[in-house]
Undergrad: 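My structure is below; once you've seen it, I'll send some questions.
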Amino acid sequence: MTNGSDAPTPSPSLEGDGVGVLPLPEDVAAPLRPLTRRARREASAKTSKAGRDLPMAIGVGAGLMALLMLGIFVWPPLFVVLGSIVCVIGVWEVSRALQSHSGVPVPLLPMAVGAASMPIAASYAGPAALGVAFVASALLVTIWNALEGRASSLRSIGYSLLTLSWVPLLASFAFLMFREENGPLLLFSLLLLVVSNDTFGYIFGAWLGKHPMAPRISPKKSWEGFAGSVGGAMLVGVALCLFVLHLPWWVGLVLAAATAMAATAGDLAESMVKRELGIKDMSNLLPGHGGMMDRLDSMLFAVPIGYVVTVLAVGAFT
């Protein structure tokens, strides 16, 4: 490619926070091939504004949701097994990204054990067992690093504790909610609110988005999209409380607003991590979506907030 001269164009890069530049993945930084007019039309029709393959993303998302609903409403052990697998995958993605960026080895085996055990402990024994499982996982990671005796053990322990706190600990609040009275409906309502938040945010952001919320972290996330996500989630929240959860309508407003803010914070948090690491997706495990963490980001922050609000609301009005 040229810019009107014979001088070569510098390789594409992603600007950092005023410090330097972070290299893009090879598939993004590779030279662009000219597209025919037909190819451009086909790519435009197939790919979303966010750069995703929408038909593929919708198909994968629908398949995952079907499995999730089967576990929530038909066979609860499947939900626990799926949750443990998802947490292990999330831990693998984050630890791999951190290790690749920093060069500091992050022990996957003890973290995978912790990631699998926390959802199981939360599902069958409650909050106290979840706390025990988290502390035991942290001790296992610490002892593992001490026995290996690396010079970078302190940083490795820090990365490991960050990963365990971010993925399996936060995700396990979904299993705490699931074991509550009427837990399947509570969890389903929370999932629907997060999906509504993402859907309305995408629609309003693509339609009206002009003012970025955090241009250095996530340039495509706008205040207009955030307003749309909160408003849409509130409509869904009121309907859920009136017709599904049988709670006062205003609880739906509180739950939806809290969920939307937490989900947006989770999305921005993962975007911040990926920008720091210089990557677009945590992995390419899910076609059309990226990695498992690219689907969990908003859910992980929303679940603890939703758990607290719903448990308080159910305790107060039932």
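Please read all numbers here as calculations on a predicted model, not as lab measurements.
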Undergrad: Could you tell me which residues satisfy side chain to side chain donor-acceptor pair (under 3.5 Å) with S229, sequence neighbours excluded, listed by chain and number?
TA: N197
Undergrad: Do the rings of F200 and F204 sit parallel, tilted or perpendicular, given the 30° and 60° boundaries?
TA: tilted
Undergrad: Could you list the residues that satisfy side chain to side chain donor-acceptor pair (under 3.5 Å) with H246, not counting sequence neighbours?
TA: none
Undergrad: Do N145 side-chain atoms and T142 backbone N/O form a donor-acceptor pair below 3.5 Å?
TA: no
Undergrad: Do you know the tightest heavy-atom contact between L164 and M111?
TA: CD2-O, 3.8 Å
Undergrad: Counting only N and O atoms by type, is there a donor-acceptor contact under 3.5 Å from the side chain of S95 to the main-chain atoms of W92?
TA: yes
Undergrad: I need the single residue from F175, Y307, F79 that forms a side-chain contact (heavy atoms from CB on, under 4.5 Å) with L187. Which is it?
TA: F79
Undergrad: Give the other cluster members for L154, using side-chain heavy-atom distances under 4.5 Å between Ile, Leu, Val, Met, Phe, Trp and Tyr residues; answer none if it is isolated.
TA: none
Undergrad: Enumerate donor-acceptor pairs with a distance under 3.5 Å from any side-chain N or O in residues 68-75 to protein atoms, sequence neighbours excluded.
TA:
none

Undergrad: So, S100 side chain and R96 main chain: donor-acceptor pair closer than 3.5 Å or not?
TA: no
Undergrad: Please answer whether the main-chain N or O of M292 pairs with a side-chain N or O of E93 as donor and acceptor at a distance below 3.5 Å.
TA: yes
Undergrad: Could you tell me if the ring centre of W250 sits under 6.0 Å from that of F317?
TA: yes
Undergrad: Give the minimum heavy-atom separation between S298 and D198, together with the two atoms involved.
TA: OG-OD2, 3.6 Å
Undergrad: Looking at residues at least two apart in the chain, or sitting in another chain, which of them share a salt bridge (charged side-chain N to carboxylate O under 4.0 Å, His left out) with D297?
TA: none
Undergrad: Apart from L139 itself, what residues make up its hydrophobic cluster when side-chain heavy atoms of I, L, V, M, F, W and Y under 4.5 Å apart count as a link, directly or indirectly?
TA: V135
